[in-house]
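Step one of this worksheet: look at the structure below.
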Amino acid sequence: MQIAASLLSADFARLGEAVAAAERGGADLLHIDAMDGRFVPPITMGPGVLRALRPRTRLPFDVHLMVVEPERQVDAFLDAGAARIAVHVEAAGHLHRLLTHIRARGAAPVVALNPATPPEAVAWALAEADGLLVMSVNPGYAGQAFIPAALDKLRALREMADASGRDITLAVDGGVNEATAGPAVAAGARLLVAASAVFEGEGGIEASLARLRAAASALPSPRISGR
């Protein structure tokens with residue numbers, strides 16, 4: 001199980017310090033949410049952020065493109081040092097071509113699914129994807145509550161990934177915290193993307209990461225109560 005610290009909830013005025021604290025706290029990756037104001041309402045980080053942070057950390061960059069026409073943006077993020085790039089099945093007009101391009105550029109191709117998108121939407125992309133990213137909130141904003149139905153999707157995708165015979169990393173993003181991490185791992189997630197639980201948690205970034213990892217490693221209840 002790995003944790004990707006999502007910079008969406010970090011203090012942008014002190015981004016370098018936040019990244020350093022996440023690395024000290026044991027984060028496995030840095031998750032960068034790139035939003036274009038069209039696929040989702042906000043506009044967030046671009047390739048310049050990756051270039052500015054690359055000298056400040058050894059952690060791999062896990063880029064999540066929440067953009068229309070991701071094929072127009074992917075090379076800029078690859079050039080800036082992205083190790084993994086997630087593109088949405090709902091946005092990529094030629095998903096197979098885009099995934100193979102990302103791989104040819106030396107990065108891991110990942111397919112992201114919105115909450116209402118069924119697992120079957122990625123069935124024909126499993127041969128090209130190194131990862132699947134299940135959105136457990138509607139994308140665009142940090143701090144939302146985990147959608148419990150995401151657990152069923154995680155279980156279904158875990159079965160599909162295992163049946164493919166390929167080593168596909170199953171990730172979950174949205175509302176991941178100490179209460180939801182354990183059930184998500186039990187449902188098949190192996191990469192937890194966490195924003196506010198890491199950067200806005202009590203006791204600071206390092207303490208928050210430690211609590212999240214402990215919660216993910218504990219034997220969970222199979223159900224998440226509340227919304």
Side-chain angles (χ1 to χ4, degrees), residues 1-6 8-9 22 25-31 33 59-60 62 64 84 86 88-89 108-123 125-126 129-139 141-203 205-227:
M1 192 279 301
Q2 294 185 308
I3 296 175
S6 173
L8 190 60
S9 289
D28 299 287
L29 304 99
L30 289 177
H31 187 83
D33 287 307
L59 294 178
D62 178 38
H64 180 189
R84 294 167 54 85
H88 272 265
V89 64
V110 178
V111 183
L113 301 87
N114 278 336
T117 301
E120 293 76 17
V122 301
L126 293 178
D130 286 349
L132 300 170
L133 177 62
V134 172
M135 293 304 301
S136 43
V137 299
N138 288 294
Y141 301 97
Q144 300 182 69
F146 189 100
I147 298 173
L151 295 177
D152 291 332
K153 186 181 290 186
L154 284 168
R155 283 187 281 266
L157 287 170
R158 181 74 274 160
E159 290 183 8
M160 291 170 61
D162 291 345
S164 76
R166 301 188 63 249
D167 184 14
I168 297 174
T169 300
L170 184 55
V172 61
D173 181 0
V176 174
N177 54 36
E178 294 169 50
T180 59
V185 170
R190 294 298 176 262
L191 175 60
L192 304 178
V193 180
S196 54
V198 170
F199 291 104
E200 298 176 2
E202 183 178 351
I205 296 168
E206 295 171 65
S208 298
L209 277 164
R211 288 195 304 270
L212 184 61
R213 194 174 295 279
S217 302
L219 290 175
S221 165
R223 304 182 66 87
I224 296 175
S225 59
R227 292 258 176 189

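All figures in this text were calculated on a predicted structure; none of them were measured in a lab.
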| task | Supply the atom-to-atom distance L154 CG to L113 CG, rounded to the nearest 0.5 angstrom. | result | 10.0 Å
| message | So, taking the atom named CG in D62 and the one named CG in D28, what distance separates them when rounded to the nearest 0.5 Å? | response | 10.5 Å
| request: Quick one: closest heavy-atom pair of V193 and S6, and the distance? | output: CG1-CB, 3.9 Å
| field | Residue list, side chain to side chain contact (heavy atoms under 4.5 Å, CB included) with S196, at least two apart or on another chain | value | S9, E200
| request: Decide yes or no for P139 and N114: does some side-chain heavy atom of the first lie under 4.5 Å from some side-chain heavy atom of the second? | output: yes
| Name of the residue among P118, S136, P119 meeting side-chain contact (heavy atoms from CB on, under 4.5 Å) with K153 | P119
| query | Got a second to check how far Q2's CD is from R213's CZ, nearest 0.5 Å? | reply | 8.0 Å
| Do D162 and R158 have side-chain heavy atoms sitting under 4.5 Å apart? | yes
| query | Hey, are the side chains of E120 and M160 touching, using non-hydrogen atoms and a 4.5 Å cut-off? | reply | no
| Does R190 have any salt bridge (charged side-chain N to carboxylate O under 4.0 Å, His left out) partners at least two apart in sequence or in another chain, and if so, which? | none
| said: Using every non-hydrogen atom in the two residues, find where A181 and L192 come nearest and quote the distance to one decimal. | reply: CB-CD1, 3.8 Å
Without placing hydrogens or testing angles, list every side-chain donor-acceptor pair under 3.5 Å for residues 165-173, not counting sequence neighbours.
| from | atom 1 | to | atom 2 | distance (Å) |
| --- | --- | --- | --- | --- |
| R166 | NH1 | L126 | O | 2.7 |
| R166 | NH1 | A129 | O | 2.5 |
| R166 | NH2 | D130 | OD1 | 3.2 |
| D173 | OD2 | H31 | NE2 | 3.4 |

| message | Using 0.5 Å steps for rounding, measure from the CG atom of L30 to the CD1 atom of I3. | response | 12.5 Å
| request: Could you tell me which non-hydrogen atom of A27 sits nearest to which non-hydrogen atom of L59, and how far apart they are? | output: O-CD2, 3.2 Å
| Test item: N177 and F146 side chains (from C-beta on) under 4.5 Å apart, heavy atoms | no
| message | Distance check, rounded to the nearest 0.5 Å: R84 atom CZ versus L133 atom CG? | response | 8.5 Å
| request: Indicate the atoms forming the closest heavy-atom contact of A121 with V89, along with that distance. | output: O-CG2, 3.8 Å
| Are the side chain of Q144 and the backbone N or O of N138 linked by a donor-acceptor pair below 3.5 Å? | yes
| said: Whether the side chain of R211 engages the backbone of A197 through a donor-acceptor N/O pair (distance < 3.5 Å, no angle test) should be reported. | reply: no
| message | Testing the basics here: between P183 and L151, what is the closest heavy-atom pair and its distance to 0.1 Å? | response | O-CD2, 3.6 Å
